[in-house]
Trainee: 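Here it is, the structure, as structure tokens.
These numbers come from a predicted model, not from an experiment. Naming convention: chains lettered A, B, ... in sequence-line order (proteins, then strands); numbering from 1 in each chain. Heavy atoms only: backbone and side chains are in, while hydrogens, waters and symmetry mates are out.
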There are 2 protein chains.
Amino acid sequence: MANTDDPLSITFAALADPTRRAILTRLAKGEATVGELGEPFDMSAPAISKHLRVLEGAGLIAREVDARWRICRLRAEPMHDAHDWLEAYRRHWEGNLDRLVEFVERTHRADTKQRDSGAPRTPRKKP
Amino acid sequence: MANTDDPLSITFAALADPTRRAILTRLAKGEATVGELGEPFDMSAPAISKHLRVLEGAGLIAREVDARWRICRLRAEPMHDAHDWLEAYRRHWEGNLDRLVEFVERTHRADTKQRDSGAPRTPRKKP
DNA sequence: GCTTCAATTAACCACTTGGTTAATTGATAG
DNA sequence: CTATCAATTAACCAAGTGGTTAATTGAAGC
């Protein structure tokens with residue numbers, strides 16, 4: 001997920017790591033220093049620093065310098081777009097719509113020996 | 001994001017690519033063959049095949065063999081957990097709660113020369 | 001000035017990712 | 001049997017990831 005990737009890809013990529021998600025969960029409870037954020041993890045300080053850079057690159061956290069400390073805060077806005085993107089698929093998991101389609105499709109084929117669905121793809125030629 | 005990663009990480013990682021998201025969007029409209037899915041992209045067939053493997057590994061699609069063709073279908077269930085995870089942060093982006101906290105915190109510090117927030121982190125010792 | 005401490009940067013490593021071209025598998029059509 | 005076609009696998013490559021240890025920066029405290 002290079003720096004040239006689109007914002008949504010960068011957001012999803014940043015969320016695709018349990019350490020980073022745990023850091024965001026911690027920050028949801030309030031600001032924290034880098035040291036405090038890294039304390040729960042069996043991981044070196046540079047490793048935490050890199051995770052924070054990824055989160056900052058995704059716009060999911062902001063860092064502010066306070067003397068020797070860097071105070072991190074959650075910036076949840078990018079999650080909004082990710083949430084919206086997923087929202088569009090809600091009907092597909094609610095009520096198991098896709099399983100229903102599959103079931104109907106499967107039984108139909110068993111009867112008539114042909115594939116079909118509500119939004120049929122362009123038929124392949126079998127001359 | 002190795003195969004040993006947790007399901008949520010695998011889901012987010014699978015979504016962190018615009019080609020794969022476009023494939024899912026296409027499949028939301030109905031089943032399709034691998035060839036049909038790859039047609040819109042300026043990309044080789046093996047590249048599409050790899051993307052489909054990632055999506056299948058995340059449980060986001062299912063493939064069924066039909067003669068020479070592989071019919072792909074959307075399986076949106078894994079998105080449900082991702083959506084739920086993000087949902088927990090809704091209040092942080094709605095109403096710009098985090099910006100509010102930052103504002104209050106910033107003005108407070110300007111007045112009293114000390115940092116503080118609603119859920120304060122453990123204070124650092126400055127002996 | 002010297003030390004200590006928080007954090008980052010530098011350099012390195014093993015592994016993954018996203019793409020390529022070439023070869024392979026399986027089914028269909030003559 | 002042979003040719004064709006959909007799709008995958010194999011082998012390869014450049015770049016990115018997630019981690020390490022060692023070195024560096026910058027502010028604080030005596």
Trainee: Closer than 4.0 angstrom, basic N to acidic O: yes or no for A:Glu87 and A:Arg90?
Mentor: yes
Trainee: Counting only side-chain heavy atoms from C-beta out, which of D:dT20, C:dT8, C:dG19 sits nearest to B:Met43?
Mentor: C:dG19
Trainee: Roughly how many Å is it from CG in A:Asp5 to C1' in C:dG19, rounded to a whole number?
Mentor: 14 Å
Trainee: Could you give the CZ-to-P distance, from B:Arg53 to D:dT9, as a whole number of Å?
Mentor: 5 Å
Trainee: Among C:dG18, D:dA7, C:dG19, which is the nearest nucleotide to the side chain of B:Arg20?
Mentor: C:dG18
Trainee: Starting at atom CG of B:Asp17, determine the distance to atom C1' of C:dT17, rounded to an integer number of angstrom.
Mentor: 10 Å
Trainee: Looking only at side-chain N and O atoms, does A:Ser44 come under 4.0 Å of OP1 or OP2 in D:dG19?
Mentor: no
Trainee: Could you please name the option among D:dT20, D:dA7, C:dA7 that lies closest to any side-chain atom of A:Pro46?
Mentor: D:dT20
Trainee: OP1, OP2 of C:dG19 versus side-chain N and O of B:His51: anything below 4.0 Å?
Mentor: yes
Trainee: Return the 5'-most residue of the pair B:Arg63, A:Arg70 with respect to DNA chain D, ranking by each residue's nearest nucleotide.
Mentor: B:Arg63
Trainee: Picking from D:dG19, D:dA28, C:dT20, which would you name as closest to the side chain of A:Ala67?
Mentor: D:dA28
Trainee: Round to a whole Å and report the spacing from NZ of B:Lys50 to C1' of D:dT8.
Mentor: 11 Å
Trainee: So, the side chain of B:Tyr89 versus the backbone of A:Thr25: is there a donor-acceptor pair under 3.5 Å, distance only?
Mentor: yes
Trainee: Kindly give the heavy-atom pair with the smallest separation between B:His80 and A:Trp93, and that separation in Å.
Mentor: ND1-NE1, 2.9 Å
Trainee: Find the distance A:Trp69:CH2 to D:dG29:C1' and express it as a whole number of Å.
Mentor: 11 Å
Trainee: Where the side chain of A:Ser49 is concerned, which of C:dT21, D:dG18, C:dT9 is the nearest nucleotide?
Mentor: C:dT9
Trainee: Under 3.5 Å, which donor-acceptor pairs link side chains of residues 41-59 of chain B to any protein atom two or more places apart or in another chain?
Mentor:
{"from": "B:Ser44", "atom 1": "OG", "to": "B:Ala47", "atom 2": "N", "distance (Å)": "3.4"}
{"from": "B:His51", "atom 1": "ND1", "to": "B:Arg20", "atom 2": "NH1", "distance (Å)": "3.1"}
{"from": "B:Glu56", "atom 1": "OE1", "to": "B:Arg63", "atom 2": "NE", "distance (Å)": "3.3"}
{"from": "B:Glu56", "atom 1": "OE1", "to": "B:Arg63", "atom 2": "NH2", "distance (Å)": "2.5"}

Trainee: Expressed as a whole number of angstroms, how long is the span from A:Glu64:CD to C:dA7:P?
Mentor: 13 Å
Trainee: Which one of A:Arg26, A:Arg73, A:Arg75 satisfies the salt bridge (Lys or Arg N to Asp or Glu O under 4.0 Å) criterion with A:Glu31?
Mentor: A:Arg73
Trainee: What is the distance, to the nearest angstrom, from the CZ atom on B:Arg68 to the P atom on C:dT28?
Mentor: 7 Å
Trainee: Could you give the CD1-to-P distance, from A:Ile10 to C:dT17, as a whole number of Å?
Mentor: 18 Å
